[in-house]
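Computation of the quantities below employed the complete heavy-atom set of this structure, encompassing side-chain atoms and omitting hydrogens, waters and symmetry-equivalent molecules.
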Amino acid sequence: MFARRRSVPHNLPAYANLPIRQIGIGPLGERMAVHVAGQLGIGRTPIICLAGYQRNMADFSDFVGNFHRQVGEDWPIVLVDLKGRGRSSDRADTSLYVSTVDAHDLRQLCAALVIDTAIFLGLSYGGQVVMALAAQQPTLIAGTMLIDSGPVSDPRGLVRLRNNLRDLEGTRSEAGLRAMLRRMLQADYPAVEEGLLDVLAGRTHFLEGKRVHPLFDPHLLKMLDPFEHDDVLVAQWPLYQALEHAPLMLMRTQLTEQLRRETFEEMMRRRRDADGFIIEGQGSPALLNTKDDVEPIAAFVRRIVRKKGRTRAAQESVTA
């Protein structure tokens, strides 16, 4: 079984500042796209960023610059497209589009990049992959930051996502597509100017001729078909608890439909040591395009690295 090909133009504005390398992971022909900002190296703890369900590394475009301005340009940040998203290969076996398999891929990717521990930043589904990773290989995780991500998704958000993506299928004029995408995104970003809404739209779809193409495997959309608004999904609390060995930051956007407020509050209750923040005036995905939104993340990362440094120094003094 060979990887299915999905063509992504090389000149998309969404990827203008995100050059990638592709690494063979899993079955023959399947590759994962990775962008490394800063400098990977021995003793350096990178941040590995994973986007939402059908989304890709472009959602972290503004985060990279904002984070580097606060902590230094050489801090290693690794942006990853999970399989079936962005510039990574689609899966030949579509039944493997599950968080546990994505987590296994991520383990292989870290090994290929010679990363033995990292701080993970996961948006919605990306955070669920990190939880699965914690259950498989907890030593890989030095800390976790979850944004709009928990042990269960809000079915209302899944249904809305499916309906929006269905509406985008087919043919559109450029003006018609732009108007439709702006209308969809304004509910999540009511105070954002139209130019930024257009940028956000360009991270998941592009127009070729008069046909709209997704920057993800269309099978991911089919997997949303069974969900209904009133579904009662079972929370996977054991996966959430797999994160208990390392520092945790929980963030929720004010307008998200991906994570219910009561689920977020229960997550905070179960991890009273976790940092918790609300990002005002936004939905999913979080924009992470201002100093105020990124500052808590920078402080969290500094704290983890300082603690690791003290632990290493203590161990060296014992063995000296």
Between CG on residue Leu109 and CD1 on residue Ile25, distance to nearest 0.5 Å: 5.0 Å

Minimum side-chain heavy-atom gap Asn17-Ser61 below 4.5 Å: no

Partner set under side-chain hydrogen bond (donor to acceptor under 3.5 Å, both in side chains) for Asp273, not counting sequence neighbours: Arg271

Trace of the side chain to side chain contact (heavy atoms under 4.5 Å, CB included) decision for Leu121 with Phe67: CA-CA 12 Å; Leu121 171 55; Phe67 185 84; over 6 Å; no

Student check: side-chain heavy atoms of Leu50 and Leu106 closer than 4.5 Å: yes

Backbone N/O of Arg21 and side chain of Arg31: donor-acceptor pair under 3.5 Å: no

Non-hydrogen side-chain atoms of Met131 and Leu146 separated by less than 4.5 Å: yes

Any side-chain heavy-atom pair of Met57 and Arg87 under 4.5 Å: yes

Donor-acceptor pair, side chain of Gln128 and main chain of Gly150, under 3.5 angstrom: yes

Plane angle bin for Phe60 and Phe63 - parallel if under 30°, tilted between 30 and 60°, otherwise perpendicular: perpendicular

Hydrophobic cluster membership, Leu287 vs Leu18, 4.5 Å side-chain cutoff: no

Qualifying ring-ring contact (aromatic ring centres under 6.0 Å, His included) pairs, either residue in residues 239-284, two or more places apart: Trp237-Tyr240

Heavy-atom check, side chain of Asp105 versus side chain of Lys83, under 4.5 Å: yes

Side chain to side chain contact (heavy atoms under 4.5 Å, CB included) between Arg69 and Val294, worked out: CA-CA 10 Å; Arg69 279 189 288 274; Val294 175; over 6 Å; no

NZ/NE/NH1/NH2 to OD/OE distance under 4.0 Å, Arg91 and Asp102: yes

N/O donor-acceptor pair under 3.5 Å between Gln254 side chain and Ile278 backbone: no

Using distance only, find each side-chain donor-acceptor pair of residues 295-303 under 3.5 Å and give its atom names and separation, not counting sequence neighbours.
residue : atom : partner : partner atom : Å
Arg302  : NH2  : Gln70   : O            : 2.9
Arg303  : NH2  : Asp275  : OD1          : 3.4
Arg303  : NH2  : Asp275  : OD2          : 2.4

Sidechain-backbone polar pair: Thr45 side chain, Val305 backbone, donor-acceptor under 3.5 Å: no

From CG (Asn164) to CE (Met180), nearest 0.5 Å: 9.5 Å

Straight-line distance of Ile48 CD1 to Met145 CE, nearest 0.5 Å: 10.5 Å

With sequence neighbours excluded, residues passing side chain to side chain contact (heavy atoms under 4.5 Å, CB included) with Thr256: Asp148, Arg252, Thr253, Gln258, Ser284

Point-to-point distance, once rounded to the nearest 0.5 Å, from CG of Asp74 to CZ of Arg44: 4.5 Å

With sequence neighbours excluded, residues passing side chain to side chain contact (heavy atoms under 4.5 Å, CB included) with Ala16: none

Ion pair check, Asp188 and Arg160, cut-off under 4.0 Å: yes

Thr139: partners by side-chain hydrogen bond (donor to acceptor under 3.5 Å, both in side chains), with sequence neighbours left out: none

Leu221 backbone acceptor or donor facing Gln54 side chain under 3.5 Å: no

Within residues 103-150 or reaching into it, pairs that qualify as ring-ring contact (aromatic ring centres under 6.0 Å, His included) - sequence neighbours excluded: Tyr53-Tyr125

Heavy-atom side-chain proximity of Gln241 to Arg270 below 4.5 angstrom: yes

Residues that, via side-chain heavy atoms closer than 4.5 angstrom, fall in one hydrophobic cluster with Val101: Leu96, Val98

NZ/NE/NH1/NH2 to OD/OE distance under 4.0 Å, Glu265 and Arg269: no

Atom CD of Glu174: over 12 foreign heavy atoms under 6.0 Å: no

Any residue meeting side-chain hydrogen bond (donor to acceptor under 3.5 Å, both in side chains) with Asp198, in chain and number order, not counting sequence neighbours: Arg182

Any donor-acceptor pair under 3.5 Å from Asp81 side chain to Ala33 backbone: no

Any pair counted as ring-ring contact (aromatic ring centres under 6.0 Å, His included), so long as it reaches residues 132-176, sequence neighbours left out: none

Cluster link Ile147 to Val192, ILVMFWY, side chain under 4.5 Å: no

Stepwise side chain to side chain contact (heavy atoms under 4.5 Å, CB included) check, Asn66 with Leu288: CA-CA 8 Å; Asn66 273 291; Leu288 300 177; over 6 Å; no

Check: Leu113 and Ile23 side chains under 4.5 Å, non-hydrogen atoms: yes

Carboxylate-amine/guanidinium proximity below 4.0 Å for Arg85 and Asp59: no

Please tabulate, for side-chain N and O atoms in residues 223-234, each donor-acceptor pair with protein atoms closer than 3.5 Å (sequence neighbours left out).
residue : atom : partner : partner atom : Å
Asp225  : OD1  : Arg166  : NH2          : 2.8
Asp225  : OD2  : Arg166  : NH2          : 3.1
Asp231  : OD2  : Glu228  : N            : 2.7

Spacing of OG belonging to Ser153 relative to CG belonging to Leu161, to within rounding of 0.5 Å: 10.0 Å

Counting only pairs under 3.5 Å, give me each side-chain donor-acceptor contact of residues 199-209, with atom names and distances, residues two or more places apart or in other chains.
residue : atom : partner : partner atom : Å
Arg203  : NE   : Ala58   : O            : 3.3
Arg203  : NH2  : Asp62   : OD2          : 3.4
Thr204  : OG1  : Ala201  : O            : 3.4

Pairwise side-chain contact, Leu197 with Leu181, heavy-atom cut-off 4.5 Å (strictly under): no

Separation between OG1 of Thr290 and CD1 of Ile279, rounded to the nearest 0.5 Å: 8.0 Å

